[in-house]
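Heads up: the structure comes next, in structure tokens.
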Amino acid sequence: MADIGRGWRHLADRNPLVRFVDSCLRGAAQVVLQNNPLSGLLILIALAWGAFENGMPRVFGGGVLGLVVGTATALALRVDMSSWRKGLFGFSPLLTGLAVPTFLDQRPLMWLYLVLGAIGTVVVTLALNAVFKRWNLTAYTFPFVLTTWFLLMAAYQFDRFTVLTKLTPKFPGEGSLTGGTFDWGLIPVFFKGVSQVYLIESWVTGLLILVALLINSRWSALFAVIGAVGATLLALWFGADGASLDKGLFAFNAVLTAIVVGAVANRPGALVTVYTLFGIALTLFVQMALTTMLTPLGIPVLTGPFNIATWLLLLPDRHFAPVPNHERVKDTVLHTVRDSVNLR
Amino acid sequence: MADIGRGWRHLADRNPLVRFVDSCLRGAAQVVLQNNPLSGLLILIALAWGAFENGMPRVFGGGVLGLVVGTATALALRVDMSSWRKGLFGFSPLLTGLAVPTFLDQRPLMWLYLVLGAIGTVVVTLALNAVFKRWNLTAYTFPFVLTTWFLLMAAYQFDRFTVLTKLTPKFPGEGSLTGGTFDWGLIPVFFKGVSQVYLIESWVTGLLILVALLINSRWSALFAVIGAVGATLLALWFGADGASLDKGLFAFNAVLTAIVVGAVANRPGALVTVYTLFGIALTLFVQMALTTMLTPLGIPVLTGPFNIATWLLLLPDRHFAPVPNHERVKDTVLHTVRDSVNLR
Amino acid sequence: MADIGRGWRHLADRNPLVRFVDSCLRGAAQVVLQNNPLSGLLILIALAWGAFENGMPRVFGGGVLGLVVGTATALALRVDMSSWRKGLFGFSPLLTGLAVPTFLDQRPLMWLYLVLGAIGTVVVTLALNAVFKRWNLTAYTFPFVLTTWFLLMAAYQFDRFTVLTKLTPKFPGEGSLTGGTFDWGLIPVFFKGVSQVYLIESWVTGLLILVALLINSRWSALFAVIGAVGATLLALWFGADGASLDKGLFAFNAVLTAIVVGAVANRPGALVTVYTLFGIALTLFVQMALTTMLTPLGIPVLTGPFNIATWLLLLPDRHFAPVPNHERVKDTVLHTVRDSVNLR
């Protein structure tokens with residue numbers, strides 16, 4: 001296994017095509033902050049499974065197209081090569097590519113829109129990281145969030161698109177709200193919460209993503225589960241909408257917050273775990289607030305809540321990171337992953 | 001009087017419990033930018049009076065709980081001690097604690113929500129001050145504003161909360177608008193404008209707060225009155241909603257802007273007074289704009305307009321501060337108050 | 001011709017009144033990023049023509065009043081004189097002055113509102129440029145956009161104003177949408193797209209503005225045309241609202257983006273032209289998204305999309321400016337124009 005990894009890395013160093021494939025695979029894994037091509041491969045398989053299971057193969061196709069276009073655009077724009085090789089320019093366009101066919105109806109123009117969106121995501125990645133660098137932060141998945149929000153809001157103004165978000169613009173508080181129930185049916189919900197990070201509802205996909213995390217970083221896998229379970233139970237307790245809860249929609253933002261705050265930006269430990277639990281609650285409340293804010297516009301929150309909550313948790317630096325983490329602050333690197341396995 | 005002040009300060013230096021109480025009292029006064037425990041004590045008495053007068057004792061309880069939880073959280077997060085002792089981590093959680101029982105219905109879960117909100121306010125304070133430090137500004141009461149907006153918007157998504165803002169989400173311009181009238185009834189409105197800084201409508205509370213300002217800084221008290229009178233009269237002239245005007249709701253943001261721009265960030269004088277008068281008008285227009293912006297979401301503007309207007313007025317630094325104020329720019333201090341009395 | 005230019009510059013150096021007039025004229029031209037008093041004079045004539053053609057002479061009066069008040073306010077605030085002489089404090093108040101009588105009904109109080117708005121625009125210009133300086137960017141026309149959004153939103157809350165934007169607050173997606181048609185009628189639309197930069201719908205005005213661009217910078221004139229044609233055709237292809245398209249409303253933001261990205265911030269060339277074409281598409285999509293976002297508030301996008309798209313395109317600096325442009329980054333200068341003719 002370790003030999004295969006070393007061989008692959010060697011190949012990637014010499015062959016530009018393998019290097020490109022390697023950057024794409026790492027990009028697929030960087031959504032959940034892992035720098036590992038094998039994890040990326042497993043995640044792509046998981047996405048294919050989920051997309052076909054839901055009868056939406058075009059979602060998988062869109063994701064792969066976004067990943068390839070985004071990675072190629074970054075190459076054409078001559079971005080920092082070290083970051084590029086880690087897949088840090090692939091993960092946001094991949095998500096944009098998954099989102100466009102999920103929320104817009106199938107037609108040729110949609111694919112052009114997706115390609116323009118993937119290119120735009122790379123430009124926005126460069127722009128936002130230039131902004132966030134001033135505070136030693138990165139934009140995480142926010143380039144995807146911003147670009148997709150803009151693509152969906154723009155689609156309302158074009159005759160030739162139909163927005164399929166199932167979110168009719170309305171006032172917050174309109175319509176009835178029924179909380180979920182506590183039973184064994186929650187177990188698959190936790191896994192769906194993980195798969196929803198990639199906009200897919202499938203417990204099999206979620207399970208495979210957890211395995212992909214596990215082969216690169218046990219801490220990341222553990223905190224992903226804590227995030228999914230914690231946010232879902234809290235949402236249940238406070239009486240959040242049961243239908244959305246069952247789809248895993250209250251978990252995926254907290255999954256990402258928990259991975260970043262618990263396992264990536266800080267050294268895992270007791271104090272950091274307490275911070276992370278607070279961070280999971282913060283992410284849920286931010287998600288609910290953002291849901292209200294976007295209700296009149298009829299667009300989904302995507303991973304906006306994860307980004308906002310994580311910035312708030314990481315900005316007061318010294319207070320939340322008892323053990324200083326010098327690796328987080330780098331000029332050219334968008335986000336760094338400390339966890340390593342042989343296959344890096 | 002001066003002896004008591006010296007004795008108290010001495011006690012606070014040695015006894016951790018007295019130090020904590022001192023920090024809380026100063027926090028109550030820092031909402032109106034005063035660093036004085038006696039002012040804070042008087043303000044807490046004023047708030048108790050107002051809350052009981054309005055039949056809402058839980059609002060006073062919430063405020064004190066927020067103040068204590070916030071001050072304790074900052075201690076646990078090992079923030080800068082010099083800022084902590086000035087009460088700079090208490091004022092925003094105090095306001096969050098006043099706002100939650102004002103806008104949400106009474107039930108046990110509300111108190112948990114309030115405590116989480118107070119903790120969140122401290123995290124947001126640290127985060128936003130890290131952001132604003134880049135421009136030598138502080139976040140003022142914006143951590144309270146942001147946290148409370150998020151708490152209220154999130155409450156819409158939870159089965160177990162009822163939002164009591166009396167602001168049904170609607171489109172701006174809907175419903176009729178009747179301007180106020182100019183008569184002697186405006187006199188108590190000016191005092192209510194001061195009390196509304198703490199979300200309470202009571203002219204007695206407003207009067208006591210003015211006394212609390214007076215014992216620490218005459219300039220602050222003077223500009224508070226100028227702010228309340230100026231903004232109310234301007235709102236009356238332009239024909240703003242009479243019912244809100246009578247509650248002092250068009251004054252409280254301008255009160256804060258006038259204190260900061262007229263008496264705290266700049267050395268009081270003729271030119272600065274002209275700036276401050278323009279700042280009062282700016283604050284009112286920003287408040288009206290923000291009211292329109294938040295109409296579809298059904299949440300109140302809180303002290304958001306004060307923050308936005310004051311940032312706009314202080315950002316062009318050299319132009320609005322004819323006498324340089326080197327004290328304003330400090331690394332760890334959130335906001336400084338130059339005014340001093342013996343009791344500091 | 002060159003002699004007249006030299007004589008005028010000489011006169012402006014010695015006579016404060018001529019200097020003031022010169023700064024105002026340059027301000028009129030700086031909206032389209034030209035530093036040339038003759039261009040400014042021609043543009044003012046073009047605006048007068050358009051305003052009278054549309055039966056709205058008060059719009060021209062408002063524009064001139066805003067320009068004069070703004071330029072005088074900047075003088076009173078003792079701003080950087082080199083920037084002031086280039087007209088960099090006149091262009092945003094000019095636009096605010098054009099917008100207020102366009103969107104509010106005629107009455108004496110409207111003129112006071114306009115004057116306060118022009119003063120406010122200068123304060124916001126200083127504030128936003130202090131913010132954007134951190135990223136070596138300028139606020140472009142965003143001070144106008146922000147101030148005018150605030151003035152219009154505030155007007156909803158005042159009994160004594162009637163908002164005439166013809167944009168009733170509603171939910172996005174409500175009402176039917178009919179795309180435009182491709183025929184010879186598009187030719188005047190391209191020119192109207194240029195005139196809409198100054199909130200006026202008139203192909204004559206647009207043509208005169210292009211001439212004003214031409215006498216100062218051929219590249220700017222060329223990219224203005226590319227922006228107008230490109231954005232209009234793209235909007236037509238995607239099926240954007242035909243009525244708005246015929247007024248030139250999908251072109252004016254792209255005109256400005258094309259001038260800045262294609263001719264001002266970067267050295268014109270093949271690569272930069274490709275970037276600019278992508279920038280034109282980005283501007284259109286941002287405009288459509290912003291239109292959706294502002295639908296519930298019933299306010300127009302103004303030149304907000306140009307500002308957002310241009311910031312996104314210029315933030316990743318080295319990637320989009322193959323030839324380094326050291327002139328762009330200056331401390332006190334708001335935006336620089338490299339193009340020069342004798343009359344500068």
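Values below: all heavy atoms of this structure, side chains included; hydrogens, waters and symmetry mates excluded. Just so it is clear: chains get the letters A, B, ... in the order the sequence lines come, proteins before strands, and each one is counted from 1.
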With only heavy atoms counted, which part of [X] is less than 4.5 Å from chain B, the side chain, the backbone, both or neither?
{"X": "C:L294", "value": "neither"}
{"X": "C:L297", "value": "both"}
{"X": "C:F171", "value": "both"}
{"X": "C:L151", "value": "neither"}
{"X": "C:V131", "value": "both"}

Rounded to the nearest 0.5 Å, how far apart are [atom1] of [X] and [atom2] of [Y]?
{"X": "B:M293", "Y": "C:W149", "atom1": "CE", "atom2": "CH2", "answer": "9.0 Å"}
{"X": "B:M288", "Y": "C:M153", "atom1": "CE", "atom2": "CE", "answer": "13.0 Å"}
{"X": "B:F250", "Y": "C:Q157", "atom1": "CZ", "atom2": "CD", "answer": "7.0 Å"}
{"X": "C:D159", "Y": "B:W237", "atom1": "CG", "atom2": "CH2", "answer": "14.5 Å"}
{"X": "C:F161", "Y": "B:L177", "atom1": "CZ", "atom2": "CG", "answer": "12.0 Å"}
{"X": "B:L284", "Y": "C:L116", "atom1": "CG", "atom2": "CG", "answer": "11.0 Å"}

Q) Between C:V123 and B:F278, is a side-chain contact (heavy atoms from CB on, under 4.5 Å) present by the stated rule, with each step listed? A) CA-CA 10 Å; C:V123 174; B:F278 176 77; 3.9 Å; yes
Q. For B:P172, is it the side chain, the backbone, both, or neither that has a heavy atom closer than 4.5 Å to a heavy atom of chain C?
A. both
Q: Could you tell me which portion of B:A281 (side chain, backbone, both or neither) has an atom closer than 4.5 angstrom to a non-hydrogen atom of chain C?
A: neither
Q) So do the side chains of B:L312 and C:V124 get within less than 4.5 Å of each other, counting heavy atoms only? A) yes
Q | Listed partners of C:R107 passing salt bridge (Lys or Arg N to Asp or Glu O under 4.0 Å), at least two apart | A | C:D105
Q: Fit a plane to each ring of C:F158 and B:F285, take the angle between them on a 0 to 90° scale, and name the class: parallel (under 30°), tilted (30 to 60°) or perpendicular (over 60°).
A: perpendicular
